[in-house]
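Because the structure is a prediction, the values reported are computed rather than measured. Starting from 1, each residue takes its place in the sequence as its number.
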Amino acid sequence: MTRHAAVMEVLTHPQVKKNPKYWRAWRDGEIPPDWQLISWVAADNMLARDDEDHTRLRKLVSKAFTPRRVQGMQDRIAEIVEGLLDGMEAGDGTADIKAQLALPLPMTVISDLFGVEEESARAELHRRIGMMFDQSITPEQAYENHVGTQRFLTELVARKRAEPGDDMTSALIAARDADNDRLSESELVWTLILIIGAGYETTMNLLTNTVQALLTHRDQLDMVLRGEREWSDAVEETLRWNTSIQSVPLRYAAADIEIDGTVVPEGDALLVSYGSAGRDRLLHAEGADRFDITREDKTHVSFSHGAHYCLGANLAQMELAVALPALWKRFPGLELLEADPEQVPSIVSNGVTSLRVRLG
């Protein structure tokens, strides 16, 4: 589904589900355990659940992302940003925005939030989550990562259960142990995989893509620097024009349905393209493919819509609200060194492998 109207139909249709039990190919055993997208389909968390089951899981996780809790993280986010900018400044006058700012910022924030303390553990988590978004890996790598990521988070749960802390992992464990009907052990592990993974991958790409967009549209960057437009205008337009998540596999027709004039048989899978929906000319007219922070209507579905709307949207927006002005205050003469950086090999994630800049 690529048109905005069709995407909205799918995201709100009562007979479109997220649980793979509605997928004919899944029920018939046609999906191998080493498929590159297996962790997206076989997830035992709210990403792959519907109705009351989804509500139960979402309610537990939502405590991590209340406006009050997110607001309380602002000083810590500013501290992390300044430390990362110090590291960039201490280099040779060039930097990789993705590797040195956009990746470590959300990874540190989400690791702090969920109590992943050791640097080696954070690096391992980054490697494993990154592989879930990489559709160029082999079936053998996909299977090992699917199993290995569960094992890694199971070990984190065991450590936190033995020595609980002031973090969301410990809070989820407490909720699970207080009432076994509320959160199974598998749901606990898969919820951590979802929130930790989504909590940094989306923000990492959004920050990188926003910097790239502004550096390739200097007139609009100047408007922001002069105070004529807000940083949030640039972020919202990036979410519409070059969003950080292209699609989230998969959704399934629980009955024969009609979407945008097309009949989708029961049991078929649907792939929703958030990226193309943002550039739909039926919604944004002829200029839909143009980056323009002054446009009034920046409608997008980059954080999804409806029951599965992204819980971490407010945290991602805060991280960018802190990082972007700090970056240009420190380096007002920032310039791109790569005109056309390589895209990541993913149908889920939308970003570049690196974003090399000259500091100024």
Side-chain angles (χ1 to χ4, degrees), residues 16-23 26-27 31 33 35 37-66 69 110-116 121 124-125 128-129 131-133 142-202 245 248-252 254 269 303-304 306-313 315 348:
V16 174
K17 304 295 185 180
K18 291 285 286 178
N19 193 317
K21 71 181 182 181
Y22 295 101
W23 188 14
W26 183 265
R27 295 196 304 259
I31 308 304
W35 185 40
L37 292 172
I38 191 65
S39 293
W40 293 94
V41 172
D44 192 10
N45 55 37
M46 63 184 181
L47 187 68
R49 295 294 178 265
D50 305 291
D51 308 321
E52 294 86 357
D53 215 17
H54 170 263
T55 301
R56 172 179 60 88
L57 294 169
R58 186 180 178 93
K59 192 176 294 184
L60 285 167
V61 178
S62 64
K63 297 173 184 177
F65 299 104
T66 62
R69 190 180 187 101
I110 209 74
S111 295
D112 285 355
L113 185 60
F114 283 87
V116 183
E124 176 72 359
L125 193 57
R128 289 197 172 279
I129 295 298
M131 288 179 71
M132 288 186 182
F133 288 86
Y143 179 75
E144 189 284 326
N145 194 56
H146 180 64
V147 174
T149 304
Q150 295 175 71
R151 182 174 59 248
F152 179 88
L153 271 302
T154 298
E155 291 169 357
L156 173 65
V157 167
R159 292 197 301 273
K160 290 296 177 181
R161 184 169 275 131
E163 297 181 22
D166 183 21
D167 54 71
M168 281 308 301
T169 301
S170 299
L172 288 171
I173 291 169
R176 182 262 183 278
D177 291 351
D179 185 348
N180 287 343
D181 290 335
R182 295 187 66 195
L183 193 68
S184 72
E185 196 74 6
S186 174
E187 288 172 339
L188 172 59
V189 169
W190 272 103
T191 293
L192 291 174
I193 292 173
L194 169 62
I195 300 302
I196 294 175
Y200 95 83
E201 180 77 19
T202 54
I245 295 293
V248 178
L250 286 168
R251 282 176 161 81
Y252 318 100
F303 293 122
S304 193
H308 287 272
Y309 183 81
C310 177
L311 277 172
L315 178 59
V348 180

Whether [X] side chain and [Y] backbone form a donor-acceptor pair below 3.5 Å:
X	Y	value
Lys160	Gly115	yes
Arg58	Ala307	yes
Thr169	Phe114	yes
Trp190	Ala42	no
Arg27	Tyr22	yes
Gln150	His146	yes

Please report the interatomic distance [atom1]([X]) to [atom2]([Y]), rounded to the nearest 0.5 Å.
X	Y	atom1	atom2	value
Met132	Glu201	CE	CD	11.0 Å
Ile129	Phe152	CD1	CZ	9.0 Å
Met168	Asp166	CE	CG	10.0 Å
Leu47	Lys18	CG	NZ	4.5 Å
Ile195	Leu113	CD1	CG	9.5 Å

Would you say the side chain of [Y] lies within less than 4.5 Å of the side chain of [X], judging by non-hydrogen atoms?
X	Y	answer
Asp44	Glu185	no
Arg69	Leu315	no
Val157	Leu172	no
Met131	Thr149	no
Leu188	Arg161	yes
Arg128	Glu144	yes
Trp23	Val41	yes
Val189	Leu156	no

If you take all heavy atoms of [X] and [Y], which pair is closest and at what distance?
X	Y	result
Asp112	Asp167	O-CB, 4.4 Å
Leu57	Met46	CD1-N, 3.6 Å
Lys17	Ala254	CG-CB, 3.8 Å

Geometric class of the Phe133/Trp40 ring pair [parallel <30°, tilted 30-60°, perpendicular >60°]: perpendicular

